[in-house]
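Throughout, residue positions are numbered sequentially from 1 according to the sequence presented.
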Amino acid sequence: MRRLYTTTLGVKAYDAIVVGGGHNGLVTAAYLAKAGKKVAVLERRHVLGGAAVTEEIIPGYKFSRASYVLSLLRPQIANDLELKKHGLKVYHKNYSSYTPISGSKRSLMLGTDKIQNCKQISQFSPKDAQVYLQYKEWMHRMAESIEPLLDSAPVNLHKLTSGSLQARMSALKPLVPLTVAGQRHGCIPHKQNSDHPILCACSK
């Protein structure tokens, strides 16, 4: 059932109003519109995109507001909304982070070259540089254990415990990725803390 809303353009009927035109709000609105709903998106700023916006904060230099990687843009969303068809282009970069040290000429630059990363880390902690590759392997295994959960729906406890037999069987489906994640996570050792505060901050 559509509700009537008064706007500066008069009275409009919408199925849903999304407050906030950030990337999450835009994805939600796009899925609703794709499902045939009439949607309005409200945004206070002059530009849409939220944390994913690139703006010229300093004259001549453009910065991403917050979203510095695309790792959390799920492939399923990109495919469902045909983002490439609508102009999405992904540019790969060699460096993932640059951390200048206040009051010092030193900095920490990390990227795709693991050996170079070890050299960078050794400026601050030779011990951490030695175990860096172990840490990367641990992070990779941790990501693999969590990844099945990102595109899965939460378990419907009501259907699982009190629904019909068919509803209960349907409610079991989300348990599959949860089980896979648990099995993968079970063989991952506990993370060891870095011995340098700069590296601890960069790993968060």
In chain order, what residues pass the side chain to side chain donor-acceptor pair (under 3.5 Å) check against [X], with sequence neighbours excluded?
X: H86; result: none
X: S162; result: H158
X: E43; result: none

Looking at [atom1] of [X] and [atom2] of [Y], how far apart are the two atoms once the value is rounded to the nearest 0.5 Å?
X: M139; Y: K136; atom1: CE; atom2: NZ; result: 7.0 Å
X: M109; Y: N117; atom1: CE; atom2: CG; result: 10.5 Å
X: L110; Y: S96; atom1: CG; atom2: OG; result: 5.5 Å
X: R74; Y: N79; atom1: CZ; atom2: CG; result: 11.0 Å
X: I121; Y: Y135; atom1: CD1; atom2: OH; result: 9.0 Å
X: Q120; Y: Y95; atom1: CD; atom2: OH; result: 8.0 Å

[X] to [Y] - nearest heavy-atom pair and separation:
X: A16; Y: L32; answer: CB-CD1, 3.9 Å
X: V155; Y: A171; answer: CG1-O, 4.3 Å
X: G20; Y: V41; answer: O-CG1, 4.1 Å
X: Y14; Y: V39; answer: CD2-C, 3.9 Å

Applying side chain to side chain contact (heavy atoms under 4.5 Å, CB included), name anything that partners [X], two or more places apart in sequence or on another chain.
X: S152; result: L149, P177
X: Q76; result: D80
X: E137; result: R141
X: D113; result: I115, Q116

Y31/V27 under side chain to side chain contact (heavy atoms under 4.5 Å, CB included): CA gap, chis, key distance, verdict
CA-CA 6 Å; Y31 271 111; V27 168; 3.6 Å; yes
Joint hydrophobic cluster, Y132 plus M142, side-chain heavy atoms closer than 4.5 Å:
yes
Decide whether I101 and Y98 are clustered together by the hydrophobic rule: side chain heavy atoms of Ile, Leu, Val, Met, Phe, Trp, Tyr closer than 4.5 Å, transitively.
no
Residue pairs fulfilling salt bridge (Lys or Arg N to Asp or Glu O under 4.0 Å) with at least one residue in [range], sequence neighbours excluded:
range: residues 117-126; answer: none
range: residues 156-179; answer: none
range: residues 17-29; answer: none
range: residues 49-63; answer: R45-E55, E55-R65

Report the hydrophobic cluster partners of V53, with the cluster defined as I, L, V, M, F, W, Y residues connected by side-chain heavy atoms closer than 4.5 angstrom, directly or transitively.
V47
Measure from the side-chain N and O atoms of [X] to the backbone N and O of [Y], and report whether any donor-acceptor pair falls under 3.5 Å.
X: N94; Y: G111; value: no
X: D15; Y: K38; value: yes
X: Q123; Y: S107; value: yes
X: T54; Y: S64; value: no

Give a yes or no on whether M169 atom CE has more than 12 heavy-atom contacts from other residues, nucleotides or ligands under 6.0 Å away.
no
Run the side chain to side chain contact (heavy atoms under 4.5 Å, CB included) test on I17 and L42 for me, step by step, so that the C-alpha distance in whole Å, both residues' side-chain angles and the decisive distance to 0.1 Å come before the verdict.
CA-CA 7 Å; I17 289 183; L42 306 180; 3.7 Å; yes
Between L88 and L73, is the side chain to side chain contact (heavy atoms under 4.5 Å, CB included) condition met? List the steps.
CA-CA 12 Å; L88 174 65; L73 176 59; 4.3 Å; yes
